[in-house]
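Accompanying notes for the structure given below.
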Amino acid sequence: MLPNKHIIALSAAVLLLANVTTEKGTALAQSIPSLKDTFKKDFGIGTALNNAQIEERDPQMTEFIARQFNMATPENIMKSALIHPKWDTYDFSMGDKLVDFGRKHNIKINGHTLIWHSQLPSFIRGIHSQDSIRTFFTDHIKTVAGHYKGKVFSWDVVNEALNEDGTLRKSVFLQYLGDDYITQAFRLAQEASPGTELYYNDYNNEQPAKRAGCLALIKKVKEAGVRIDGVGIQGHWHVGKIPLNDIEESINQYAALGMKVMFTELDIEVLPRNFQGADVGQRMTANEQSNPYAAALPDSVQQQLAADYEALFKLFLKHKDKVTRVTFWGINDGQSWLNNWPIRGRTSYPLLFDRNNQPKPAFYRVIGLKKG
Ligand code: XIL
């Protein structure tokens, strides 16, 4: 064992080192432009937040978030498995912390999500009657949306209800409640939380067939006299393959139905994948080629990523009258879900900030659209 004085000296040295890096981090965080300020006249800039960030475990990170973003979506904690763990038990502890975080730092919260086929509470698997599913569905929306009435700015009321061909996904809700469940979800959310904006959210809903299904879904809700305020295009895309034309067409068509258009989970995958989209149930098996940039991202890919982000933000700016928010799915590359999906333990580089929270070339290209 080390004698005490050595331990003290050692901890002092570690602390000193920590301070140096921290001060550097803070200085840099304050010297770089702010995304939310740069685009303040155009649209909101959001991020997904994880538990550590919501609990403000790292003050530098909190400061960084407050400087860069004015909107936030919880990455997991408001999903039904977490917020409604047992039939008659709700756990609002983390969600309430998020609401406090938003108040304190002037960040609007988008609740994510009330009705989704994934990350459902485990007790759902034991339910096999229409009555019980309807009771779960109704109680869940009323209780959760009711609890956050006046506290969240918006809700992703229904998430990922569509198949790629535009038909409705065969979720437990469709199976037991029929295709009217979507309208019903919006109706219940509106009753429980009248002042909150209500959205439909999905991935690949910029693709023509899925977009057609999404437009039909929106029309159906509206025709029933139920409020729907906007549509979220998640935006989990691939480097060098951003479907800019489909995105532009989608912005126009959704806006023509009176929808606010949002990009709600933006990230750009640089790693190999044999399918498009973000079906969390889909997985891939690893092989020698699946994690090519474990050491570093080659400059050519870094530049392509930067060009892709620039092109996207250029398009968002062109349609700033229709696009109300752009939310990144995470703050920096180290925290992205893409390091673990659809293969665990890869090294991905999908965001504007690197693993040390330093801005990447993509960040400067996006900012440059307003400065140049
Ligand atoms: C992801 C989270 O990022 C992961 O931490 C979690 O393990 C799975 O879900 N579409 C959505 C998001 O609407 O909720 C998903 O988030 C990503 C795809």
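- A donor-acceptor contact shorter than 3.5 Å is absent between the side chain of E197 and the backbone of D229.
- Looking only at atom types and distance, the side chain of Q335 has a donor-acceptor partner in the side chain of Q53 under 3.5 Å away.
- To the nearest 0.5 Å, atom NZ of residue K40 and atom OG of residue S34 are 8.5 Å apart.
- Counting only N and O atoms by type, the side chains of D308 and Q304 include a donor and acceptor under 3.5 Å apart.
- Considering NE2 of H84 and OG1 of T89, their distance stands at 7.5 Å, rounded to 0.5 Å.
- Within the 4.5 Å cutoff, no side-chain heavy atoms of S250 are placed close to those of N205.
- One finds no salt bridge joining K151 and D96 here, because no Lys/Arg side-chain nitrogen approaches an Asp/Glu carboxylate oxygen to under 4.0 Å.
- Between H147 and F92, the ring planes are parallel. Angles under 30° get that label, and only those over 60° would be called perpendicular.
- Note: L266 CG to L312 CG = 6.0 Å, rounded to the nearest 0.5 Å.
- Considering only heavy atoms from C-beta on, K322 stays 4.5 Å or farther from M259 through its side chain.
- Side-chain rings of H105 and F69 stay apart, their centers remaining 6.0 Å or farther from each other.
- With hydrophobic clusters built from ILVMFWY side chains whose heavy atoms lie under 4.5 angstrom apart, L177 shares a cluster with L174.
- For G111 against V152, the heavy-atom pair with the smallest separation is N-CB, 4.5 Å.
- The two residues V158 and Y200 make their nearest non-hydrogen contact at O-CD1, 3.4 Å.
- Expressed to the nearest 0.5 Å, how far CD1 of I141 lies from CD of E191 amounts to 10.0 Å.
- In terms of hydrophobic clustering, with Ile, Leu, Val, Met, Phe, Trp and Tyr side chains grouped at heavy-atom distances under 4.5 Å, V280 and M78 are assigned to different clusters.
- The main-chain N or O of M71 is never found under 3.5 Å from a side-chain atom of R325 such that the two would form a donor-acceptor pair.
- Counting non-hydrogen atoms of neighbouring residues, nucleotides and ligands closer than 6.0 angstrom, the CZ atom of R57 exceeds 12 such neighbours.
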Where do I182 and V221 land on the side chain to side chain contact (heavy atoms under 4.5 Å, CB included) test, with the steps shown first? CA-CA 7 Å; I182 296 172; V221 175; 4.1 Å; yes

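- Taking a cutoff of 4.0 Å between a charged side-chain nitrogen and a carboxylate oxygen, D88 and K86 do not qualify as a salt bridge.
- Between H140 and W87, a ring centre-to-centre spacing not shorter than 6.0 Å is recorded.
- For W237 and D267, the side-chain atoms include no donor-acceptor pair closer than 3.5 Å.
- Here E56 does not pair with K97 in a salt bridge; the nearest charged N to carboxylate O distance is not below 4.0 Å.
- Side-chain N/O atoms of S132 and T135 include no donor and acceptor closer than 3.5 Å.
- Neither F173 nor Y199 shares a network with the other; the hydrophobic side chains, linked directly or stepwise wherever heavy atoms of I, L, V, M, F, W or Y lie under 4.5 Å apart, form separate groups for each.
- Closest non-hydrogen pair, Q289 versus P272, comes out as O-CG, 3.5 Å.
- Each of K314, K320, K318 was scored for a salt bridge (charged side-chain N to carboxylate O under 4.0 Å, His left out) with D42, with one residue passing: K320.
- Side-chain atoms of L168 and N163, non-hydrogen and from C-beta on, never get closer than 4.5 Å to each other.
- In the model, N339 has a side-chain atom that pairs as donor or acceptor with a side-chain atom of R355 under 3.5 Å.
- T38 approaches P33 most closely through the heavy-atom pair OG1-CB, 4.3 Å.
- Follow the hydrophobic side-chain contacts under 4.5 Å out from I65 and you reach I32 in the same cluster.
- For the pair W155/T113, no side-chain contact is recorded, criterion being any heavy-atom separation below 4.5 Å from C-beta on.
- Taking the ring centroids of F123 and F136, they lie under the 6.0 Å cut-off.
- Checked by atom type and distance alone, the side chain of N356 never pairs as donor or acceptor with a backbone atom of Q358 at under 3.5 Å.
- Smallest separation of non-hydrogen atoms from G150 and T196: N-OG1, 4.5 Å.
- Side chain to side chain, Q184 and R187 meet the donor-acceptor criterion of an N or O pair below 3.5 Å.
- Atom-to-atom distance recorded for N50:CG and N76:CG is 8.5 Å, nearest 0.5 angstrom.
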N70 vs K108, side chain to side chain contact (heavy atoms under 4.5 Å, CB included): CA-CA, chis, key distance, verdict: CA-CA 6 Å; N70 49 23; K108 287 182 185 160; over 6 Å; no

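- For H236 and E265, the side-chain atoms include at least one donor-acceptor pair closer than 3.5 Å.
- Y254 has its ring centre no less than 6.0 Å from the ring centre of H319.
- Side-chain contact annotation: D91 with S93, donor-acceptor N/O pair under 3.5 Å present.
- Put simply, L162 and I247 are part of the same group of oily side chains (I, L, V, M, F, W, Y) that touch within less than 4.5 Å, one to the next.
- The distance from the CZ atom of R134 to the OG atom of S129 is 11.0 Å, given to the nearest 0.5 Å.
- Residue H112 is tested with Y148, W329, F153 for a ring pair (Phe, Tyr, Trp, His ring centres under 6.0 Å); the sole match is W329.
- Within a 6.0 Å radius of CG in N245, other residues, nucleotides and ligands contribute 12 heavy atoms or fewer.
- A salt bridge does not link R211 with E206: none of the charged nitrogens is closer than 4.0 Å to a carboxylate oxygen.
- The two residues I54 and F101 make their nearest non-hydrogen contact at O-CD1, 3.8 Å.
- Between N357 and the choices Q68, M61, Q60, the side chain to side chain contact (heavy atoms under 4.5 Å, CB included) rule is met once, by M61.
- Judged as a salt bridge (Lys or Arg N to Asp or Glu O under 4.0 Å), and not counting sequence neighbours, the contacts of D179 are K220.
- Taking the six-membered ring for Trp and thresholds of 30 and 60 degrees, Y309 and F313 have ring planes inclined between 30 and 60 degrees apart.
- When the options T327, D156, N201 are evaluated for a side-chain hydrogen bond (donor to acceptor under 3.5 Å, both in side chains) with T264, the one that passes is N201.
- Aromatic ring centroids of F316 and F39 lie 6.0 Å or more apart.
- One finds a salt bridge joining D202 and K210 here, because a Lys/Arg side-chain nitrogen approaches an Asp/Glu carboxylate oxygen to under 4.0 Å.
- The closest side-chain donor-acceptor pair between E160 and W116 falls under 3.5 angstrom.
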From CA spacing to verdict: side chain to side chain contact (heavy atoms under 4.5 Å, CB included), L49, T73: CA-CA 6 Å; L49 292 180; T73 301; over 6 Å; no

Step by step, would you call T347 with Y349 a side chain to side chain contact (heavy atoms under 4.5 Å, CB included)? CA-CA 7 Å; T347 308; Y349 303 81; 3.4 Å; yes

Please assess R103 against D100 for the test salt bridge (charged side-chain N to carboxylate O under 4.0 Å, His left out), listing each intermediate value before the final yes or no. CA-CA 5 Å; R103 275 208 193 109; D100 290 345; 3.8 Å; yes

